[in-house]
Every structure is written in C-alpha cells, then in structure tokens.
Chemist: 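One structure is given below, represented as structure tokens, and several questions about it will come after.
Reminder, nothing fancy here: chain letters follow the sequence lines and each chain counts from 1.
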Amino acid sequence: MSISLYNSLTRRIQPFSPLDPRRVTMYLCGPTVYNYVHIGNARGPVVFDVLARLLRRHYPQVVYARNITDVDDKINAAALEQGVPISAITDRFAAAYREDMAGLGIGPPDIEPHATAHIGEIVAMIQSLIAGGHAYAAEGHVLFNVDAYPAYGALSGRDTEELIAGARVEIAPYKQNPADFVLWKPSTPELPGWDSPWGRGRPGWHIECSAMSAAHLGETIDIHAGGIDLLFPHHENEIAQSTCAHGGKMFARWWMHNGMLTFDGRKMSKSLGNVLLVRELLRRHPPEALRLLLLRGHYRQPLDWSDSAIAQAISTLDGWYRVLRDLAAVALPAGPLPVPARLEAALCDDLNTPQALAELAVLADAARQHGSAEGKAELLGGGALLGLLQQDPQAWFQRGGDEVDGERVERLLEERRAARAARDFARADAIRSELTAMGVAIEDSAQGTRWSAAKT
RNA sequence: GGCCAGGUGGCAGAGUGGUCAUGCAGCGGCCUGCAAAGCCGCGUACGCCGGUUCGAUUCCGACCUUGGCCUCCA
C-alpha cells in the first residue's frame, strides 16, 4: 500500500517515496521552551506521531527529529525576570514538554536536537552563506540577503516586492532589503551569547532548524513538518538558508503543515490568551480522549476545541472500550497485531485520520457482533496505528477510581444483589442512587454487575 | 490591501458527478423488575446565484461568509 501526502511546496497530493528507500528522514519544528505548551501546540506532534507510526510500517528505518529551541529572546526575558540562567528555564520546560507529549501517547522522536548544542554548526552555516554571497554582516548582525536567492517566496507564494509593500514591522536600517532576515545578532553582556567571527552574539530564529536538520538528517531530507503558521516566514527562510548553504541542493522534499486548533472559532494562541495548557487538560480529562479529539479532524483543516467535543470523544471511547472489556477473556491470536487494510488505506491517503476513525468504529462493531479473537485483534491493531485503545479496558472505566472507595462499592453491590434476589427493587434502586451520588455508574449483565467511576 | 484554506444533517466531521460515511446526541421498538448496555428501525445534509451535464453537494464562474498567513506563534 503506497502512501500519498500533500506537499505544501507543490500544493498537491503526491505519492510519497523517500530519497533513500531504506531510510526516511523527517523533521518537526519543536517548541521554544519558555513556558508550558497549550493543546494547539500538541496537534502537530500528535498528527506527525501517527505519520511516523505509518512510515515505520512501510520503511525499514525512519529517523524522526523533533527539536527543542532553547535559545530565544522570550527565554532570555523569562530568565532575566526570574534572575536565573536560561538553562534553568529551558531545562524545566523541555522536561515538561516531554511529559506533556508522552501524556498524549506521542512516541519519543528518534532525535531531539537542542539549538544550544549546535552553535558550532550554526556559525559554520552562516559563514558558508557569507562566503557564497548569500548573507552579509552589518552592525554586529548577520543578515540573509533575499535578493541573492531568486526562489525566495516559492513556498508561501509571495514575492519580495509584495512582502515589502505589506510589511507591518519597522525596517531595521542595517538591512539591504527590507525582507532580509537575521541569522545572527549581537548580545549585550547580560544576555547569553557565544563568540563568533562577528562578535559575541546568538543565533536568529530560523537558522537553528536548518543547522540541526542538516547535522542529523543530511542536507536533503524527506519531510519537514510544522504548523501552517510557520509556513511564512519560518519555513520560507529555512528553505532559503539551507538551499543556499548547500550549493542549491533541495532542502526538504515534502513540506507538511497542520491546520490550527481554534477555540471559540479563533486560533488558539498565546498572544490572544485563549489557551488551554496540555498539562491542565491531562489532569482534568482522560488523555486518550484528548488524543482522539486531535485526530478527529483532518490534519490540514482547522479544528475547534470545546468541552462538548471532549465529552463526545469520551463517549466514543466508552463504546470501543466496552467492546474490548466484553472480549477481555478472548485470547489474541499469536504474533503481532494485524493492521486492518481499510484503516491503513485511509492513513495512506494523506493521513485521513477521520476516515481511519470511521473504519475503527466499523471494526469495533464487527468485534462486538462476532466476539471473535480476530475481531478483537483487528480493533487493537487498528487502534495501535493511531495510538489509541492500548490501555486495559478496566483502567479506562475506572480511571476516576482514585477518589472512589472500591471496597464500599463492592459492599453496596453485594447488598444490592441480595435485594434484587429478594425482589426488593425499591432497596436495589436506592443503592443504585447512592452509587450514582458517589460518581459510580453500574451496569447489570449476565456476568454480574459492572461498575465504572470515570471522570470526564 | 496581498496570498491561502474553508462553508456538509441537532453537534462534530470524512467523502463522492448518479443506492451507505462515521461518531455523539435525539426519536420509536425489542430486551430488562427498572436502569445501563446491546439489538432493530427513523430523520428528504451538502452557503447563495448562475453555468456545464441526461444528472452536481461533488466540475466552472460570480456573490455572501468564516478562518489562517503577511509580526512572535504549532
């Protein structure tokens, strides 16, 4: 089954094939670690985690890099404000980021490069850009010269003329062309900085991704991914730098961009202040429902976040886990879990996760009706490719159980069983009400009464 | 203003030139002491106006409208 992926560069879906069929290289723009990430920041990591899972099935090796940007003016501002070295900020939030991503069921990347560990590569890349006439030093800064790269704007569909006309920022006097962007900037003594041929300074925003991508994945990579809001200027600038630094070699063969997560119809963003932290959501809701929610829309479309959407995701998972719970005693066939063809086909079609989830629903139905080991295996196998349905059903249904006194529940259930046996239904219903008040839902079945204490 | 992506049933959200999305919610029935779950069934969805076509939600054009980028941003 071949994979087709939309390429922002060509604006069309193309059959995917890596440069080296034995080794796929993929880079995702990671966070700048100066505070906790919000759920919008997690969409790309979740979506591209599914892509990584899919690619690993198709190719012998996938090298997936997701960077940490740990040098940046916002980090500096936070460090100055708190009177601590920047590493105190970046270490803390990089660790928090890993925890948050793991909480959403995202597998760790193969490589997690840090910008500060690549200053040498960054300086070298800037030197080669200057040597090639693609960059120039001015007043302690080094700037990329967009006029020296005629293809500038190809990714975002802009030309430099219109960029200048529409520029809403004040243009620094040392720029030759207003669209030129900073590769290196000088640091004052209180700011972090590294020695360089242009004095003590620090890298500009875009250069670190170019340097780290080349250092770990090579000069030409297969897939470069990120949020659509990074398409310009970040990715446009990365292309310009990398291409010019590597003698015109293509930088990334596929550019993939996830749509924005919205909240009340507006982009969730720190500057608008309408953010929900992943950390907070993980504490309040079942993590798997959050992941499911992020996969319920096609990755290129906007996706609106809401409490009712979370509730829907939980209900959906309730149904699927109910099937798995009913099949708990059914032994799985030996060997690895199968991957259902229709579900995989949906993912191969430009990562159509909504379609894949529809297929998963069909598989859940089939498993419930047939009660077979094969059905169970297919449901689990399909779920695994999406990073869903891998926990113990019992754990899913009793995830709020920390606050519930299990022994008391069992005692009440036994009492209710006796009342029902004596046909004292008034008493039985009173006990059920009591359990409901405790946040415990019950379900009578041929195998006895089940209970669940699930948080929303 | 420029560039880009959308507007699908109560909600979410795929998809297609001509019988099925899917999930959640709702309604009717079966089952159940009653619930819950399960099972069976139900609801004339494709922004608006033209055009192409035997036939358009799906293709083309105009219009209305929502959002993203053009500044930090996943």
Side-chain angles (χ1 to χ4, degrees), chain A residues 8 11 28-32 34 37-48 66 72-74 153 156-159 161-170 179 205 225-236 257-262 265-272 275 278 292-306 308-320 322-323 325-326 346 349 352-365 368-369 419-420 423-426 428-429 432-433 436 441-446 449-452:
Chain A
S8 302
R11 297 183 193 187
L28 174 68
C29 285
T32 299
Y34 65 96
V37 293
H38 61 72
I39 190 68
N41 295 309
R43 189 179 187 190
V46 167
V47 161
F48 296 112
R66 188 183 68 199
D72 168 89
D73 286 349
K74 283 179 178 156
S156 56
R158 299 158 207 263
D159 56 58
E161 302 266 321
E162 97 192 14
L163 281 174
I164 297 156
R168 286 192 271 152
V169 268
E170 204 177 321
W205 173 35
I228 186 74
D229 54 349
L230 294 185
L231 189 132
F232 186 90
H234 186 55
H235 290 162
E236 193 71 73
H257 294 99
N258 62 275
M260 295 295 99
L261 191 75
T262 61
R266 291 215 97 83
K267 177 186 174 184
M268 188 180 286
S269 75
K270 289 166 191 166
S271 40
L272 281 173
V275 301
V278 171
L292 171 62
L293 187 37
L294 290 174
L295 294 173
R296 280 202 350 179
H298 184 85
Y299 78 95
R300 282 192 280 124
Q301 297 304 129
L303 179 70
D304 197 51
W305 191 267
S306 67
S308 76
I310 296 173
Q312 285 191 18
I314 292 170
S315 295
T316 301
L317 286 167
D318 276 343
W320 294 344
R322 207 139 41 209
V323 173
R325 183 182 60 184
D326 290 344
D349 179 17
N352 192 338
T353 54
Q355 185 61 46
L357 289 168
E359 299 297 346
L360 201 61
V362 171
L363 292 171
D365 248 6
R368 178 171 48 232
Q369 295 189 1
R420 291 181 71 213
R423 302 193 69 75
D424 180 358
F425 297 120
D429 290 350
R432 181 163 58 202
S433 301
T436 304
I442 64 170
E443 212 178 293
D444 295 324
S445 78
T449 300
R450 293 190 177 110
W451 65 279
S452 58

Chemist: Which one is paired to U19(B), where only Watson-Crick or G-U wobble pairs with both distances under 3.5 angstrom count?
Modeler: none

Chemist: Suppose you measure atom P in G9(B) against the same atom in G28(B); what distance do you get, rounded to whole Å?
Modeler: 24 Å

Chemist: Provide the Watson-Crick or G-U wobble partner of C42(B), both distances under 3.5 Å; none if there is no partner.
Modeler: G26(B)

Chemist: How would you label the contact of I442(A) with the nucleic acid (heavy atoms, under 4.0 Å): base, sugar-phosphate, or nothing?
Modeler: base

Chemist: Let's test this: given Watson-Crick or G-U wobble pairing with both distances under 3.5 Å, identify the partner of G33(B).
Modeler: none

Chemist: Counting only distance, no hydrogens or angles, is the base of G33(B) paired donor-acceptor with the side chain of D429(A) under 3.5 Å?
Modeler: yes

Chemist: As a test of reading the structure: which of G33(B), G38(B), A14(B) is closest to the side chain of N352(A), going by heavy atoms?
Modeler: A14(B)

Chemist: Under 4.0 Å, heavy atoms only, any strand: does T316(A) hit a base, just the sugar-phosphate, or nothing?
Modeler: sugar-phosphate

Chemist: Could you give the distance from CD (E359(A)) to CG (N352(A)), rounded to the nearest 0.5 Å?
Modeler: 9.5 Å

Chemist: Rounded to whole angstrom units, what separation is found between the NZ atom of K267(A) and the P atom of U71(B)?
Modeler: 13 Å

Chemist: What contact category does G227(A) fall into here, base, sugar-phosphate, or nothing, at under 4.0 angstrom with non-hydrogen atoms?
Modeler: sugar-phosphate

Chemist: Under the 3.5 Å rule, do the base of G6(B) and the side chain of Q301(A) count as making a donor-acceptor pair?
Modeler: no

Chemist: Side-chain donor or acceptor of D444(A) under 3.5 Å from a matching atom on the base of C34(B)?
Modeler: yes

Chemist: Determine the contact category for T353(A): base if any of its heavy atoms lies under 4.0 Å from a base atom, sugar-phosphate if only primed atoms, P, OP1 or OP2 are that close, otherwise nothing.
Modeler: nothing

Chemist: Taking atom C1' in both G18(B) and U53(B), what distance in whole Å separates the two?
Modeler: 12 Å

Chemist: Could you tell me the separation between the CZ atom of R420(A) and the CG atom of D429(A), rounded to the nearest 0.5 Å?
Modeler: 9.0 Å

Chemist: Phosphate oxygens OP1/OP2 of A37(B): is one of them under 4.0 Å from a side-chain N or O of R325(A)?
Modeler: no

Chemist: Once you apply a heavy-atom cut-off of 4.0 Å, does G297(A) come out as touching a base, just sugar-phosphate, or nothing?
Modeler: sugar-phosphate

Chemist: For the C1' atoms, the ones on U8(B) and on U16(B), what distance do you get once it is rounded to whole angstrom?
Modeler: 12 Å

Chemist: According to the Watson-Crick and G-U wobble definitions, with both distances under 3.5 Å, which nucleotide is paired to U58(B)?
Modeler: none

Chemist: Measure the distance from CG on L294(A) to P on G13(B) and round it to the nearest whole Å.
Modeler: 12 Å

Chemist: Rounded to whole angstrom units, what separation is found between the CG atom of D349(A) and the P atom of A21(B)?
Modeler: 19 Å

Chemist: So, taking the atom named CD1 in I228(A) and the one named CZ in R43(A), what distance separates them when rounded to the nearest 0.5 Å?
Modeler: 11.0 Å

Chemist: Does any donor-acceptor pair link the side chain of R432(A) with the base of A35(B) at a separation under 3.5 Å?
Modeler: yes

Chemist: Using atom C1' in both nucleotides, what's the gap between G15(B) and G7(B) to the nearest angstrom?
Modeler: 16 Å

Chemist: Taking atom P in both C70(B) and A62(B), what distance in whole Å separates the two?
Modeler: 27 Å

Chemist: For atom C1', what is the distance between C31(B) and G41(B), given to the nearest Å?
Modeler: 15 Å

Chemist: For a quick check of understanding: with a heavy-atom distance under 4.0 Å over all strands, which category does H257(A) fall into, base, sugar-phosphate or nothing?
Modeler: nothing

Chemist: Ignoring hydrogens and angles, does a donor from either the side chain of R420(A) or the base of G33(B) sit under 3.5 Å from an acceptor on the other?
Modeler: yes

Chemist: Identify whether any heavy atom of G259(A) sits under 4.0 Å from a base atom; if not, whether one sits that close to sugar-phosphate; answer base, sugar-phosphate or nothing.
Modeler: base

Chemist: Anything under 30° is parallel, anything over 60° is perpendicular, the rest tilted; go ahead and classify F48(A) against Y299(A).
Modeler: perpendicular

Chemist: Hey, which of these two, I39(A) or G265(A), hits RNA chain B nearer its 5' end, going by closest nucleotide?
Modeler: G265(A)

Chemist: Taking atom C1' in both G13(B) and A45(B), what distance in whole Å separates the two?
Modeler: 12 Å

Chemist: Only pairs with both distances under 3.5 Å count, Watson-Crick or wobble alike; so what is the partner of C48(B) in this structure?
Modeler: none

Chemist: Distance between the P atoms of U52(B) and U58(B), in whole angstroms?
Modeler: 15 Å

Chemist: Does the C39(B) base have a donor-acceptor partner in the side chain of Q369(A) within less than 3.5 Å?
Modeler: no

Chemist: Would you indicate what A361(A) reaches in the nucleic acid, counting non-hydrogen atoms under 4.0 angstrom: base, sugar-phosphate, or nothing?
Modeler: sugar-phosphate

Chemist: Would one find a side-chain N or O of K270(A) under 4.0 angstrom from OP1 or OP2 of A74(B)?
Modeler: yes

Chemist: May I ask you to say what L230(A) touches in the nucleic acid, namely base, sugar-phosphate or nothing, with a heavy-atom cut-off under 4.0 Å?
Modeler: sugar-phosphate

Chemist: To the nearest 0.5 Å, tell me how far L293(A) CG sits from I39(A) CD1.
Modeler: 7.5 Å

Chemist: So what does L303(A) hit on the nucleic acid, given a heavy-atom distance under 4.0 Å: a base, only sugar-phosphate, or nothing?
Modeler: sugar-phosphate

Chemist: Taking any strand in view, what nucleotide pairs with A5(B) in a Watson-Crick or G-U wobble way, both distances under 3.5 Å?
Modeler: U66(B)

